[in-house]
Amino acid sequence: MLIKYTEQLYAEMEAQLERINGSLKEAILNLTESLFCITTTLNLLKKLIQEHPFENFEDEIDFFKNIKPRFYSWYIYVVELYNILSAVPSGTDQMIRDYFMDELKIINRYFTIHQFYYQYFLRDETAMDENYFLRVNLVPFPTGSEQTAVDPEFSTNQDYMFSKFRAYEMLRSFLIRRLKLLYQNPDNVFIAELLAGKKRWWSGDKVELIELAYGIYYTNRLNEGKAEIGDVVEWLEDSLQIDLSQAYRMFLDIRRRKTLSYTKYLDEMCDSIHKHIDETNRYKPKTPKRQNI
């Protein structure tokens with residue numbers, strides 16, 4: 001029940017954030033309303049675990065290691081992205097490139113400083129999970145946490161840092177894409193992006209595209225099987241005007257599914273095709289009888 005409810009809650013939060021900020025890719029048009037949306041969702045998440053306590057330590061670890069950081073990372077991301085975009089210098093493309101490079105260095109430095117925890121995060125290790133993600137083991141000032149006040153009912157030693165890792169991965173992907181655009185199209189790249197018409201866009205959930213991306217990757221159908229998963233994801237991003245910067249993290253979430261199929265969307269595609277073909281085959285229009293004249 002917890003996983004199903006949190007998946008629905010996450011999808012609703014994402015949809016609301018897109019409605020608030022419009023269709024321009026990765027722009028924060030309304031910071032206050034965006035933060036209100038995320039905070040409201042986090043409060044619902046907190047209320048959920050208060051009303052439905054964890055049945056065991058494994059469920060609690062999964063919640064604070066994977067579920068809560070997935071939500072809270074958006075709070076960090078929205079604030080950081082808003083600050084980055086608000087401070088873009090008014091000047092030459094070289095000045096803008098230098099600015100984004102400096103921001104990228106700040107993010108990479110954070111990963112370097114907390115390299116031990118970041119490798120634990122990337123490898124999805126479990127040896128220290130009880131110390132990191134059980135509330136009973138919470139210490140007054142968790143390592144790497146800038147929070148001035150920690151809610152003991154809704155915090156563990158490392159859930160904030162794992163949230164920040166997720167947020168900084170999204171920010172890093174944003175900065176790399178911006179730099180790529182600037183180096184490929186140096187003249188008025190931001191104006192060109194604003195004015196460009198979008199002919200195709202993805203209207204489903206992002207995780208559905210991740211199923212599709214990994215399906216293409218593991219069946220070796222792109223570039224005779226020589227394409228990396230990053231190439232498949234980038235192709236889908238460019239084709240469908242969508243940000244899939246958390247592709248790897250979303251695939252880990254797919255692997256952790258307990259009540260849902262690992263290929264929920266691909267199964268839905270197969271069912272829809274079979275249903276359409278079956279209905280088409282069942283429909284046999286009557287041939288009008290020829291009248292003798």
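Excluded from the calculations below are hydrogen atoms, water molecules and symmetry mates; all remaining heavy atoms, backbone and side chain alike, are included. The structure presented is a predicted model; accordingly, all values stated were derived computationally and were not measured. In this chain, residues are counted from 1 in sequence order.
- A donor-acceptor contact shorter than 3.5 Å links the side chain of N56 to the backbone of E58.
- Residues D62 and R256 approach most closely at OD1-CD, 4.1 Å, considering heavy atoms.
- No side-chain heavy atom of F71 sits less than 4.5 Å from a side-chain heavy atom of I38.
- Rounding to the nearest 0.5 Å places CZ of F64 at 10.5 Å from OG of S163.
- Scanning both residues, T156 and L138, for their nearest heavy atoms gives C-CD1, 3.6 Å.
- The shortest distance between side-chain heavy atoms of I113 and R109 falls below 4.5 Å.
- Rounding to the nearest 0.5 angstrom, the gap separating the CG atom in D253 from the CG atom in L260 is 11.5 Å.
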Mind running side-chain contact (heavy atoms from CB on, under 4.5 Å) on L179 and F174 for me, showing each step along the way? CA-CA 9 Å; L179 285 165; F174 159 79; over 6 Å; no

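- In this structure, the separation between CZ on F165 and CD1 on I76 is 10.5 Å, given to the nearest 0.5 Å.
- Distance CE/M250 to CD1/I210: 4.0 Å, rounded to 0.5 Å.
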Pair E14-L17, side-chain contact (heavy atoms from CB on, under 4.5 Å): steps then yes or no: CA-CA 5 Å; E14 271 197 321; L17 285 173; 5.6 Å; no

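- Here side chain to side chain donor-acceptor pair (under 3.5 Å) pairs that include residues 132-141, with residues two or more places apart or in two chains, are E60-R135.
- Side-chain contact check for Q16 and R19: no donor-acceptor pair (N or O, by modelled atom type) lies under 3.5 Å.
- Applying the salt bridge (Lys or Arg N to Asp or Glu O under 4.0 Å) rule to E211 yields the partners R257; only residues at least two apart in sequence or on another chain are considered.
- Listed for the N223 side chain is no donor-acceptor partner under 3.5 Å among the backbone atoms of G225.
- At distances below 3.5 Å, at least one donor-acceptor pair connects side-chain atoms of T219 with backbone N or O atoms of I216.
- Distance check: Q115 CD to L122 CG gives 10.0 Å after rounding to the nearest 0.5 Å.
- Considering only heavy atoms from C-beta on, M161 comes within 4.5 Å of Y110 through its side chain.
- In this structure K264 satisfies the salt bridge (Lys or Arg N to Asp or Glu O under 4.0 Å) test with no other residue, sequence neighbours excluded.
- Take D267 and apply the salt bridge (Lys or Arg N to Asp or Glu O under 4.0 Å) test, not counting sequence neighbours, and it matches no residue.
- Closest approach of N30 and S34 over heavy atoms only: O-OG, 2.7 Å.
- Residues E169 and Y118 bring a donor and an acceptor atom of their side chains to less than 3.5 Å of each other.
- Residues passing the ring pair (Phe, Tyr, Trp, His ring centres under 6.0 Å) test with F251 are Y214, sequence neighbours excluded.
- Considering CD1 of I61 and CE of M128, their distance stands at 11.5 Å, rounded to 0.5 Å.
- Closest approach of P89 and I96 over heavy atoms only: O-CG1, 3.9 Å.
- A heavy-atom distance below 4.5 Å is not found between the side chains of Y217 and V233.
- Taking each heavy atom of I20 and C37 in turn, the nearest pair found is CD1-CB, 4.0 Å.
- Using a 4.5 Å heavy-atom cutoff, the side chains of I277 and I273 are in contact.
- With hydrogens and angles ignored, the 3.5 Å screen pairs a side-chain donor or acceptor of K68 with a backbone N or O of F154.
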Could you go through the side-chain contact (heavy atoms from CB on, under 4.5 Å) check for L48 and T6 one step at a time? CA-CA 9 Å; L48 175 69; T6 54; 4.2 Å; yes

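- Residues I106 and V88 do not share a hydrophobic cluster, defined by chaining ILVMFWY side chains whose heavy atoms lie under 4.5 Å apart.
- Here D159 does not pair with R166 in a salt bridge; the nearest charged N to carboxylate O distance is not below 4.0 Å.
- By the 4.5 Å heavy-atom criterion applied to side chains, E7 and R70 are counted as neighbours.
- Not counting sequence neighbours, the partners of D129 by the salt bridge (Lys or Arg N to Asp or Glu O under 4.0 Å) test are K65.
- One hydrophobic cluster, built from ILVMFWY side chains closer than 4.5 Å, holds both Y10 and Y5.
- The shortest side-chain heavy-atom distance between E208 and W202 falls under the 4.5 Å cut-off.
- Heavy-atom neighbours of Q94 CD from other residues, nucleotides or ligands within 6.0 Å: above the threshold of 12.
- Between the S155 side chain and the P152 main chain, no donor and acceptor come within less than 3.5 Å of each other.
- For the pairing with V79, the side chain to side chain contact (heavy atoms under 4.5 Å, CB included) check across Y77, Y75, Y82 returns one residue only, Y75.
- Side-chain contact between I229 and Y218: absent, with no pair of heavy atoms (C-beta onward) separated by less than 4.5 Å.
- Considering all non-hydrogen atoms of both residues, V232 and L222 come closest at CG2-CD2, 3.9 Å.
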Should Q158 and F121 be marked as a side-chain contact (heavy atoms from CB on, under 4.5 Å) after you check the CA-CA gap, both sets of side-chain angles, and the distance that decides it? CA-CA 10 Å; Q158 291 301 325; F121 166 81; over 6 Å; no

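- Considering Y117, Y168, F133 in turn, F133 is the only one that fulfils the ring pair (Phe, Tyr, Trp, His ring centres under 6.0 Å) rule with F162.
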